[in-house]
Amino acid sequence: QNIESKSRTEVKDYIPTILLILTILTLIIVSFIPNTFTLINGIICISYFIIGLIIKYIKTKNKKSIVKNLKEIDFETLLPNMNKLNESLPELIKDKGSFILISFNDSILPIYGYDVAMQFFKEFGQVTKKFFKDGEVYRFSTYQLFVYIPINDIRSVTKSVKDYLK
């Protein structure tokens, strides 16, 4: 079947596109610099996020929208947090997808300590986000992720979870 769009969305603001391109270019440039510290990519992304918030505030003079954006991000994992989940949940329920709660094995905590365990959890969150790219991944609690996938067929959900666990 051919798919046709009957409406077009007019782009009114190119700032997000410019910030995204600058973020990608900066990340590429930094990747060529030897011996950069490990958090540089996160600092770059957060910096452009803050620049975007400042530009948004200058344009709208609305402090509430800035605070709302800041409250929706878990700054340890850079995933949406429980505030964002609570806001999105009614719409996700209407979409009739599937919800998955994934727990990270925190038994490594006594062995490696909090910092290493949190680094593993951050990577776990990013890998999960990449795998469920059609859905949404939220940080649910210290070592748990809440995943929404827009599939409600039990066979498809089971296959998706099995593929994730491989």
Side-chain angles (χ1 to χ4, degrees), residues 1-14 16-17 19-21 23-28 31 38-46 48-49 52-53 65 67-166:
Q1 290 181 352
N2 289 337
I3 299 174
E4 293 182 31
S5 175
K6 295 184 174 132
S7 65
R8 295 183 67 106
T9 302
E10 182 183 340
V11 177
K12 297 178 183 175
D13 188 1
Y14 289 97
T17 304
L19 288 174
L20 181 62
I21 290 169
T23 303
I24 292 168
L25 288 175
T26 307
L27 291 171
I28 290 170
S31 72
T38 57
L39 295 177
I40 191 69
N41 292 343
I43 291 170
I44 290 168
C45 293
I46 293 296
Y48 281 113
F49 171 70
L53 289 178
S65 70
V67 172
K68 178 181 175 287
N69 286 329
L70 288 171
K71 286 174 38 179
E72 293 178 347
I73 294 179
D74 174 62
F75 287 100
E76 280 188 310
T77 62
L78 300 180
L79 294 171
N81 62 19
M82 285 293 293
N83 289 326
K84 180 66 176 170
L85 174 61
N86 288 333
E87 178 188 307
S88 304
L89 200 55
E91 193 65 35
L92 296 176
I93 291 170
K94 282 184 202 173
D95 288 344
K96 298 183 180 174
S98 298
F99 301 102
I100 305 166
L101 185 64
I102 303 173
S103 291
F104 178 72
N105 185 353
D106 62 350
S107 65
I108 67 168
L109 190 59
I111 299 167
Y112 295 105
Y114 177 80
D115 291 337
V116 173
M118 187 50 66
Q119 191 62 39
F120 282 135
F121 182 71
K122 288 176 190 177
E123 186 64 28
F124 173 68
Q126 293 306 313
V127 167
T128 303
K129 182 179 176 182
K130 285 178 188 171
F131 184 83
F132 293 108
K133 56 185 167 273
D134 292 335
E136 295 288 333
V137 178
Y138 303 88
R139 183 169 184 184
F140 189 74
S141 69
T142 306
Y143 293 110
Q144 289 183 321
L145 300 175
F146 185 90
V147 179
Y148 166 80
I149 51 175
I151 305 168
N152 65 2
D153 173 55
I154 190 68
R155 289 184 194 105
S156 299
V157 172
T158 302
K159 181 186 179 320
S160 184
V161 171
K162 283 182 179 178
D163 290 345
Y164 171 76
L165 294 173
K166 284 183 182 178

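We use all heavy atoms of the structure for the numbers below, so side chains are in, but hydrogens, waters and symmetry mates are not. In this chain, residues are counted from 1 in sequence order.
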Any sub-3.5 Å donor-acceptor pair from Thr158's side-chain atoms to Ile154's backbone N or O? yes
Value for NZ (Lys129) from CZ (Arg139), rounded to nearest 0.5 Å, stands at 14.0 Å
Distance check, rounded to the nearest 0.5 Å: Leu145 atom CG versus Glu136 atom CD? 13.0 Å
Search all heavy atoms of Pro150 against all heavy atoms of Gly135 and return the closest pair with its distance. CD-CA, 3.9 Å
Check whether any side-chain N or O of Asn152 sits under 3.5 Å from a backbone N or O of Lys96 as a donor-acceptor pair, and report yes or no. yes
Within the distance-only criterion (no hydrogens, no angle test), does the side chain of Asn105 pair as donor or acceptor with the backbone N or O of Ser107 below 3.5 angstrom? yes
So, Asp74 and Thr77: side-chain donor and acceptor under 3.5 Å apart, yes or no? yes
Can you check whether Phe104 and Phe120 have ring centres sitting under 6.0 Å from each other? no
To check you understand the geometry: which heavy-atom pair defines the closest contact between Phe49 and Asn69, and what is its length? CZ-O, 4.1 Å
Under 4.5 Å between any side-chain heavy atoms of Ile40 and Leu27, yes or no? no
Looking only at non-hydrogen atoms, find the nearest pair between Tyr164 and Ile102 and report the distance. CE2-CD1, 3.8 Å
For the pair Phe99 and Tyr148, name the ring-plane relationship: parallel under 30°, tilted 30 to 60°, perpendicular over 60°. tilted
So, taking the atom named CG in Leu89 and the one named NZ in Lys84, what distance separates them when rounded to the nearest 0.5 Å? 12.0 Å
Which atom of Ser98 lies closest to which atom of Val157, heavy atoms considered: OG-CG2, 3.2 Å
Using atom types as modelled and distance alone, determine if a side-chain donor or acceptor of Ser103 lies under 3.5 Å from a backbone N or O of Gln144. no
Find the distance between CG (Asp95) and OG (Ser88) and round it off to the nearest 0.5 Å. 10.5 Å
Show the nearest heavy-atom pair for residues Met118 and Thr142, with the distance to one decimal. CE-O, 4.4 Å
Residue Phe75 excluded, over 12 heavy atoms near CZ under 6.0 Å: yes
Would you call Phe140 and Leu85 a side-chain contact if the rule is heavy atoms closer than 4.5 Å? yes
Would you say the side chain of Thr23 lies within less than 4.5 Å of the side chain of Cys45, judging by non-hydrogen atoms? yes
Hey, is the main chain of Lys71 close enough, under 3.5 Å, to the side chain of Asn83 for a donor-acceptor pair? yes
Would Thr26 and Tyr48 count as having a side-chain donor-acceptor pair, cut-off 3.5 Å? yes
Approximate separation, where rounding is to 0.5 Å, of Lys68 NZ and Leu53 CG: 11.5 Å
When rounded to the nearest 0.5 angstrom, what distance separates OH in Tyr114 from CD in Gln119? 11.0 Å
Over all heavy atoms of both residues, which pair between Gly125 and Leu79 is shortest? Give the atoms and the distance, please. CA-CD1, 4.0 Å
